[in-house]
Amino acid sequence: MRSPRICCLDLDTFFVSVERLLDPSLVGRPVIVGARPGQRGVVVAASYEVRPLGVHSGMSMSEAIRLAPHAEFRSPRHDTYGPYARRVRAVLERFTPAVQTASIDEFYVDFHGCERLHRRPGDVDDDAALVRLLHELRATVHREVGLPVSAGVGCTRRVAKIASGLAKPNRALPVDDGRHLGSGVVLVPAGQERAWLGSLPLRRFPGIGPKAEQRLAQLGLHTIEELLALPPGPELDEVHRVRGWIQGAFEGETLDLGRDRPAFREHDPEGSTLGSISNECTFPRDLSRRAEVEQHLLALVERVCWRARARGVQGRTVTLKLRYRDFHTVQRSRTCAPTAEDAEVLKTARALLERAWSRRVSIRLLGVCLSNLAGPDRQLQLPLGAPIRSPSTAIDVVRQRFGFAAIRRGQAVGRSR
DNA sequence: TCTGGGGTCCTAGGACCC
DNA sequence: TCTGGGGTCCTAGGACCC
């Protein structure tokens, strides 16, 4: 039976919120987390105080400084944020066993089958019970972890995701129209998706980014309702596809929805989709000397292979990504036997660099990706004291105790450091 | 001094096999 | 000699998400 029981929980301005926990003097002040001023980089998180000025994540730092020179700037500390996210997840798991981590600041929880468990006297119906429960959950996260979280509920993940955006505080709100926008919890009742969400810009629908928004706008389509109201007839592929997504998300279909499966899978038990492992680096200044570029290439290969071995996987496909000074970007890849050995991956990566770097233009970014992952390979798992089989595993033993940076190859470190 | 980093998913063309 | 499809794998690029 269709009922809104998929919930998207989103930590509000997560990195900023953690920085404020660690430094309470930042509370109530404009905060921007991102690259240090003067460095190449972008805004990673911006507090609500600077958003009206036009500052948003993804914006270049120089632009953010221009718009909000009075803001407090902080460099991201990714090692610090993860433990907070895990503590939030632990709280969620006390409310329902079906919790999926979608990203560092976003979770999906499924309350199907939990209705009776959480229903209490005084609840008008199951929807009301769920909204009350989610307010309890938010309060618990705030009390125990100290972080603000917003919740959106719907029949599908995409609807829940949109609803969580509407639930966020500190937005410009219409007068309360019964949808409780900005209250921290928004539940879209089954069957009312179009009425509740139709007036939203198409950009708010997950999967429609800047490019698709622009193409649809050229066709005179700006809101979800405008797209759904289009009379049937010969349509452009894109319109047809997007309309299919939206209808599927609104009607709660479970077939052919791809990313909108209602059932959660934290790990693929077949191991068929192990994803990829990549590292990339934008250089402080563009590089034109071969030796300098190769030095960075080795450092990237070392890091990717180390992460692969730590996960106990090997990759068959090596991809090299290269971005020139003028931002033109190319990728070259090669598939061979599975490996997670620095020397083998480096050999492939060097050959790919040879092919990719075909213009006499300096380079601003280099990246290495290992994909087509297979494993886990038991032989490569490394409990302390495991037999050492290759130079890489010898290095890994040191790194397991002291961290990645504790031991490096001379060529990857370079003369200047 | 514009434009990060780590990912996933999709598309399209070509090779190759049956 | 000409003309097929279907399926799978590989490669390259691009959109999108957080």
Side-chain angles (χ1 to χ4, degrees), chain A residues 8-16 32-46 56-67 75-76 78 81-82 85 101-108 157-158 161-162 164-165 202-216 237-238 241-242 245 256-261 268 272-286 300 303-304 307-308 311 316-336 348 352 355-356 358 364-373:
Chain A
C8 175
L9 288 145
D10 194 313
L11 294 160
D12 301 333
T13 60
F14 177 47
F15 295 175
V16 171
I32 294 174
V33 179
R36 273 195 290 276
Q39 280 190 332
R40 284 178 157 171
V42 298
V43 173
V44 178
H56 57 83
S57 56
M59 164 181 283
S60 76
M61 278 304 278
S62 52
E63 178 72 356
I65 293 166
R66 192 181 66 74
L67 292 171
S75 295
H78 291 287
Y81 307 136
T101 300
S103 73
I104 193 161
D105 63 351
E106 193 177 291
F107 307 87
Y108 287 93
R157 288 165 49 117
R158 288 182 192 229
K161 167 78 178 150
I162 300 171
S164 78
L202 280 162
R203 183 71 174 82
R204 295 293 290 269
F205 194 81
I208 297 182
K211 303 281 183 180
E213 178 189 34
Q214 197 180 8
R215 286 193 297 268
L216 292 166
D237 284 352
E238 174 139 40
R241 194 177 69 243
V242 170
W245 282 357
D256 297 328
L257 278 184
R259 281 170 282 186
D260 217 333
R261 288 185 297 264
D268 186 339
S272 59
T273 54
L274 292 169
S276 61
I277 298 171
S278 68
N279 279 93
E280 62 185 55
C281 173
T282 296
F283 309 127
R285 57 177 179 82
D286 300 337
L300 288 166
R303 192 168 280 274
V304 166
R307 289 172 60 202
R311 270 174 60 180
R316 291 190 52 226
T317 303
V318 179
T319 302
L320 180 112
K321 177 174 169 183
L322 183 156
R323 177 167 291 152
Y324 291 103
R325 183 225 287 271
D326 61 9
F327 231 72
H328 177 68
T329 307
V330 291
Q331 290 184 177
R332 293 293 177 267
S333 61
R334 179 179 291 178
T335 299
C336 22
T348 306
L352 292 169
R355 272 174 53 204
S358 57
R364 66 172 284 136
L365 172 147
L366 205 60
V368 171
C369 176
L370 197 59
S371 60
N372 232 327
L373 299 179

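We name chains A, B, ... by the order of the sequence lines, and we start the count at 1 in each one.
- Among the heavy atoms of the strands, none lies under 4.0 Å from A/C369.
- For the atom pair CG (A/L67) and OG (A/S62), the distance works out to 9.5 Å, reported to the nearest 0.5 Å.
- Atom CG in A/N372 sits about 14 Å away from atom P in B/dC9, given to the nearest Å.
- Side-chain nitrogen and oxygen atoms of A/R364 include at least one within less than 4.0 Å of the OP1 or OP2 phosphate oxygen of B/dG4.
- Across all strands, A/R325 comes closer than 4.0 Å to no nucleic acid atom at all (heavy-atom distances).
- Using cut-offs of 30° and 60° on the angle between ring planes, the pair A/H78 and A/F15 is perpendicular.
- Between A/H78 and A/G38, it is A/G38 whose nearest contact on DNA chain B lies nearer the 5' terminus.
- Side-chain N/O atoms of A/T329 and A/R323 include a donor and acceptor closer than 3.5 Å.
- The separation between A/H56 atom NE2 and C/dC18 atom C1' is 15 Å, rounded to whole Å.
- What separates CG of A/D105 from C1' of C/dC17 is a distance of 10 Å, to the nearest Å.
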For DNA chain B, the dot-bracket notation using Watson-Crick and G-U wobble pairs below 3.5 Å, [ ] for pseudoknot-type crossings and | for other-strand pairs, is ....||||||||||||||
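- Across all strands shown, A/I104 has no heavy atoms under 4.0 Å from either base or sugar-phosphate atoms.
- Here the shortest heavy-atom pairing between A/R215 and A/E238 reads NE-OE1, 2.6 Å.
- Nearest nucleotide to the A/S103 side chain, out of B/dG5, C/dC18, B/dC2: C/dC18.
- For A/R332, the CZ atom counts as densely surrounded, since its 6.0 Å shell holds more than 12 non-hydrogen atoms of other residues, nucleotides or ligands.
- Within 4.0 Å (heavy atoms only), A/E106 reaches sugar-phosphate atoms of the nucleic acid but no base atom.
- Comparing the C1' positions of C/dG4 and B/dC16 gives a spacing of 16 Å, expressed to the nearest Å.
- Note: CZ (A/R157) to P (C/dC18) measures 11 Å, nearest angstrom.
- Phosphate proximity of B/dG5 to A/N279: absent, as no side-chain N or O sits under 4.0 Å from OP1 or OP2.
- Atoms CD (A/E280) and P (B/dT8) sit 13 Å apart, rounded to a whole Å.
- In plain terms, the two heavy atoms of A/S60 and A/V43 that are nearest each other are O-CG2, 4.5 Å.
- Close to B/dT3, at under 4.0 Å from its OP1 or OP2, lies no side-chain N or O of A/R323.
- Look at A/S62 and you won't find any side-chain N or O under 4.0 angstrom from OP1 or OP2 of B/dT3.
- Taking atom CD of residue A/E213 and atom P of nucleotide C/dC16, one finds them 9 Å apart after rounding to whole Å.
- A/F283 places its CZ atom 16 Å from the C1' atom of B/dT3, with the value rounded to the nearest Å.
- Distance CD (A/E63) to P (B/dT1): 16 Å, rounded to an integer number of Å.
- When each of A/S276 and A/T282 is assigned the nucleotide of DNA chain B with its nearest heavy atom, A/T282 is the one assigned upstream, toward the 5' end.
- Among all heavy-atom pairs drawn from A/P76 and A/G34, the shortest one is CD-O, 3.2 Å.
- A/L11 approaches A/I104 most closely through the heavy-atom pair CD1-O, 4.2 Å.
- As judged by a 4.0 angstrom heavy-atom cut-off over every strand, A/K161 is placed among residues touching the sugar-phosphate backbone only.
- Between A/R203 and C/dC17, a side-chain N or O to OP1/OP2 separation shorter than 4.0 Å is present.
- The two residues A/A64 and A/I32 come nearest to each other via the heavy atoms CB-CD1, 4.2 Å.
- With sequence neighbours excluded, the residues forming a salt bridge (charged side-chain N to carboxylate O under 4.0 Å, His left out) with A/D10 are A/K161, A/K168, listed by chain and number.
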Find every protein N or O atom lying less than 3.5 Å from an N or O atom of nucleotides 12-15 of chain C, and list the pairs.
{"residue": "C/dA12", "atom": "OP1", "partner": "A/R355", "partner atom": "NH2", "Å": "2.6"}
{"residue": "C/dA12", "atom": "OP2", "partner": "A/S333", "partner atom": "N", "Å": "2.6"}
{"residue": "C/dA12", "atom": "OP2", "partner": "A/S333", "partner atom": "O", "Å": "3.4"}
{"residue": "C/dA12", "atom": "OP2", "partner": "A/S333", "partner atom": "OG", "Å": "3.2"}
{"residue": "C/dG13", "atom": "OP2", "partner": "A/Q331", "partner atom": "N", "Å": "3.0"}
{"residue": "C/dG13", "atom": "OP2", "partner": "A/Q331", "partner atom": "O", "Å": "3.1"}
{"residue": "C/dG13", "atom": "OP2", "partner": "A/R332", "partner atom": "NH1", "Å": "3.1"}

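- Checking side-chain atoms of A/R36 against main-chain N and O of A/S75 turns up no donor-acceptor pair under 3.5 Å.
- Regarding contacts with the backbone of C/dT11, every side-chain N or O of A/T319 stays at 4.0 angstrom or more from both OP1 and OP2.
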